[in-house]
2 protein chains.
Amino acid sequence: MSDQATHDRGATAQRILVDAAALFRRLGYERTTTREISEALGIRKASLYHHVSSKEDLLYEICLAALRDVEVGAQEAVAAAGDDPQDRLRAMVHGHTLAMLANVNFSHTMLTDMRSLSGERLQQVVALRDRYETWAEGLIAAGQKAGVVKSKHSAKQLTLGLFNMLNWTMFWYRADGDLTPDEVAELLGGIYFDGVFTG
Amino acid sequence: MSDQATHDRGATAQRILVDAAALFRRLGYERTTTREISEALGIRKASLYHHVSSKEDLLYEICLAALRDVEVGAQEAVAAAGDDPQDRLRAMVHGHTLAMLANVNFSHTMLTDMRSLSGERLQQVVALRDRYETWAEGLIAAGQKAGVVKSKHSAKQLTLGLFNMLNWTMFWYRADGDLTPDEVAELLGGIYFDGVFTG
DNA sequence: GTCTATAGGAGGATAGAC
DNA sequence: GTCTATCCTCCTATAGAC
């Protein structure tokens, strides 16, 4: 998790977020109890509330941190990639994947348990996600305009396909698995950009 | 839902599954209460238990039905496709996508809330899913052997990419949206097989 | 096959001492 | 900043009448 993510939080509050995200990924937000979170931290359940105002607050902070980290990771990679539309798209996939997998517990929680947020907070998280996806759609549209991305489908539809390819990864990625984050990015980008068929 | 899915269930029990799956997709399994399910059916909460032995039973039946429908849909499509490895892979994507979207509430619940099953039932559902994914991996491996699928990555890794591309669809697909199931299959297959870059 | 009533437990959150 | 004790609500599931 970036320092930026937590620059205004105490060290304990930050540990709570990290431990909670690990539990949320494993058990799901609704199934995880505040008692389990406190036990992971070695304190009593009531002590949590000195640092956090509610369980839903934890979810909210995790969603914001996850979205911000991926957005920053992808956009910095693209900014460093120069002007070539294909290079920019490859950089987006690489930056997105590395940021997502560096904090896979956060990304997983955000994508699958976002629905447990209530009212305004849900709308805010959805709006942030939509803003990011619209930015990605712009990269694809630029590629189409330059003639390097196929135009059989709209940029909107190709963006749906892009996030299909990227998002599901958190369900099977393991830090101790066969593939490094770089290799995952290379695999997914290779398929998305060039396909699996020869010729 | 296929008749096969439910040939040994009463009509009411089947309605309960359908209504429960719709609620589970919208709210999540853990958040959905038996009261909400019973209200969707127009009966009292206690009356549910005449048809179903527990809330978890509902989830279990939904997972089994979802897996079986997709597996049957994909395998029948492949059987009808003949011997060409590329045709067989295209048929798999088409059959899988149509079956998944025909019962998107079931597929969504299976893929996201499977983790709420306990013990033996979870293992059983995971084993069925793994069996299906291994079958799909075999189609890809056959394509590699025939030289029509790239061999830069292993069949296992290309299969991870395939289900990335397919599974996330249920998070955004809407029956009243822009795309028909056929168009979704064409979009996702087009990207997976041939990529989005020109040339 | 559906109902009313209730058991029995767990969950999130708070009060107030230390 | 952490603790013990407790409140209050809501949940799944069952009992037993109709």
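Chain letters run A, B, ... following the sequence lines, proteins first and then strands; every chain starts at 1.
- Among the atoms of the strands shown, only primed sugar atoms or phosphate atoms (P, OP1, OP2) are found under 4.0 Å from some heavy atom of Thr32(B).
- Spacing between atom NZ of Lys45(A) and atom C1' of dG12(C) amounts to 7 Å, rounded to whole angstrom units.
- Of the candidates Glu71(B), Gln75(B), His96(B), Tyr132(B) forms a side chain to side chain donor-acceptor pair (under 3.5 Å) with just one, namely His96(B).
- Counting only heavy atoms from C-beta on, Thr34(A) has its side chain closest to dG12(C) among dC3(C), dG12(C), dT2(C).
- The nearest whole Å value for the distance from the CD atom in Glu30(A) to the P atom in dC11(D) is 11 Å.
- The distance between atom CD1 of Ile37(B) and atom P of dA13(D), rounded to the nearest whole Å, is 10 Å.
- As a whole-Å value, the separation of Lys55(B) NZ from dG9(C) P is 19 Å.
- Atom-to-atom, CD of Glu36(B) to P of dA13(D) comes out at 15 Å; the value is rounded to the nearest Å.
- Following rounding to the nearest Å, Asp57(A) (CG) and dT14(C) (P) show an atom-to-atom distance of 11 Å.
- For Lys150(B) (side chain) and Asp194(A) (main-chain N/O), a donor-acceptor pair under 3.5 Å exists by modelled atom type.
- Base engagement by Ser47(B) is indicated by at least one non-hydrogen atom pair under 4.0 Å involving a base atom.
- Side-chain proximity of Ala46(A) to the nucleotides dC3(C), dG1(C), dC3(D) is greatest for dC3(D).
- The phosphate of dT4(D) has OP1 or OP2 within less than 4.0 Å of a side-chain N or O from Arg44(A).
- Contact between the side-chain N/O atoms of His50(A) and the OP1/OP2 oxygens of dT14(C) is not found at any separation under 4.0 Å.
- Dashed line: the shortest gap from a side-chain N or O of Tyr49(A) to OP1 or OP2 of dA13(C) is under 4.0 Å.
- With Ser116(B) as the fixed residue, the side chain to side chain donor-acceptor pair (under 3.5 Å) test singles out one of Glu56(B), Glu30(B), Arg121(B): Glu30(B).
- Looking at the side chain of Ile43(B), the nearest of the listed nucleotides dC3(D), dT12(D), dT2(C) is dT2(C).
- In this structure, CG on Leu188(A) lies 8.5 Å from CG on Leu160(B), to the nearest 0.5 angstrom.
- Stacking of Lys55(B) on the aromatic ring of Tyr29(B) is recorded, both the 6.0 Å distance cut-off and the 45° axial limit being met.
- Rounded to an integer number of Å, the gap from Leu48(A) CG to dT4(D) C1' is 15 Å.
- Here dC10(D) presents its P atom at 13 Å from CD of Glu39(B), a figure rounded to the nearest Å.
- When each of dC11(D), dT4(C), dT2(C) is scored by its nearest atom to the side-chain atoms of Thr33(B), the top-ranked nucleotide is dC11(D).
- Residue-level contact check: Ser54(B) touches the backbone only, with heavy atoms under 4.0 Å from sugar-phosphate atoms and none from bases.
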